[in-house]
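Take a look at the structure below.
All figures in this text were calculated on a predicted structure; none of them were measured in a lab.
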Amino acid sequence: GQRDWIPSLARPLAKWLWKRLELTLIRKCRAIATVTEPIAENYSKHHRRVEVLRNFPFLPSINLNAIDSKRDRRACVFAGALERARNLRNSVLSLGRLRRRAVAVSLWLAGICESSEDKDETLGLVESEGVKDQVRYFGVLSHSDTLDLLARAGIGLVNYLPNQNSLNGLPIKFFECMALGLPIVYSN
């Protein structure tokens, strides 16, 4: 999950220490900026000036004119941190299930894989599901190259697992896919 790098016995203490530090730091701020109302409500309990600044994509950086001509309708794309919380496991399992039903779909991945365990797990699953020829890793891309990759795909994946960081957030990738007219597989 979110804090796998902290030994499990130390997590309650680390959480308590972080909350104390966070409250101390919040009180020293002139204002707090968040990206969603639920997050703002949480901080409003501790600070009188909390503002919501939504994290929408910068539309002039998206070339909307050449999108449809470049689309691979059978390609799903996930661009972002390649980690367990981003639900890549279920994406790969779904790819395997589709292959067994004779539906050829590609999975394009772009981003950094911060954990070698997550990388090994995903690659092992790609191998065991027999979809190695359907998965393509593009590496870490610039923002404009990421938008170009999204524009060339047929389906965007923003299917995060329900953890504390994703429950109240609105990932910018969701809005970028919408701006590109890309259908999205999005977790609730």
Heavy-atom pair of closest approach, residues [X] and [Y]:
X: Leu182; Y: Ala153; answer: CD1-O, 3.2 Å
X: Cys177; Y: Leu150; answer: SG-CD2, 4.0 Å
X: Leu141; Y: Ala110; answer: CD1-CB, 3.8 Å
X: Leu82; Y: Gly111; answer: CD1-O, 3.6 Å

Side chains of [X] and [Y] in contact at under 4.5 Å (non-hydrogen atoms):
X: Val105; Y: Leu95; value: yes
X: Leu125; Y: Glu121; value: no
X: Val52; Y: Thr36; value: no
X: His143; Y: Glu176; value: yes
X: Lys119; Y: Tyr137; value: no
X: His46; Y: Ile32; value: no
X: Arg27; Y: Leu23; value: yes
X: Ile184; Y: Ile155; value: no

Hey, mind stepping through Gln134 and Val126 against side-chain contact (heavy atoms from CB on, under 4.5 Å) and telling me if it holds? CA-CA 9 Å; Gln134 293 170 252; Val126 164; over 6 Å; no
Ion pair present between Arg97 and Glu129, side-chain N to carboxylate O less than 4.0 angstrom?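 No, this pair does not count.
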Hydrophobic clusters here meaning ILVMFWY residues chained together by side-chain heavy-atom distances under 4.5 Å, can you tell me if [X] and [Y] are in one?
X: Leu107; Y: Leu123; answer: no
X: Val103; Y: Val135; answer: yes
X: Leu109; Y: Ile172; answer: no

Step by step, work out the side-chain contact (heavy atoms from CB on, under 4.5 Å) result for Tyr43 and Glu22. CA-CA 10 Å; Tyr43 282 108; Glu22 185 180 38; 2.6 Å; yes
Just checking Leu9: does its CG atom have more than 12 heavy atoms from other residues, nucleotides or ligands closer to it than 6.0 angstrom?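 Count not over threshold, so no.
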In Å and rounded to the nearest 0.5 Å, what is the [atom1] to [atom2] distance from [X] to [Y]?
X: Leu21; Y: Ile26; atom1: CG; atom2: CD1; value: 9.5 Å
X: Asn87; Y: Asn90; atom1: CG; atom2: CG; value: 4.0 Å
X: Leu98; Y: Leu93; atom1: CG; atom2: CG; value: 11.0 Å
X: Lys15; Y: Arg20; atom1: NZ; atom2: CZ; value: 15.0 Å

Given 3.5 Å as the limit, does a donor-acceptor pair link the side chain of [X] with the main chain of [Y], or not?
X: Arg99; Y: Gly130; result: yes
X: Arg89; Y: Thr122; result: no
X: Arg152; Y: Arg71; result: no

Would you check, one step at a time, whether the test side-chain contact (heavy atoms from CB on, under 4.5 Å) holds for Thr34 with Val50? CA-CA 7 Å; Thr34 70; Val50 178; 4.2 Å; yes
Derivation of the side-chain contact (heavy atoms from CB on, under 4.5 Å) call for Val158 and Val185: CA-CA 6 Å; Val158 190; Val185 174; over 6 Å; no
Is it true that the side chains of Asp72 and Ser106 contain a donor and an acceptor less than 3.5 Å apart? no
For Phe138, what residues pass the ring-ring contact (aromatic ring centres under 6.0 Å, His included) criterion, not counting sequence neighbours? Trp108
Salt bridge (Lys or Arg N to Asp or Glu O under 4.0 Å) contacts in which one or both residues fall within residues 47-58, not counting sequence neighbours: Glu37-Arg54
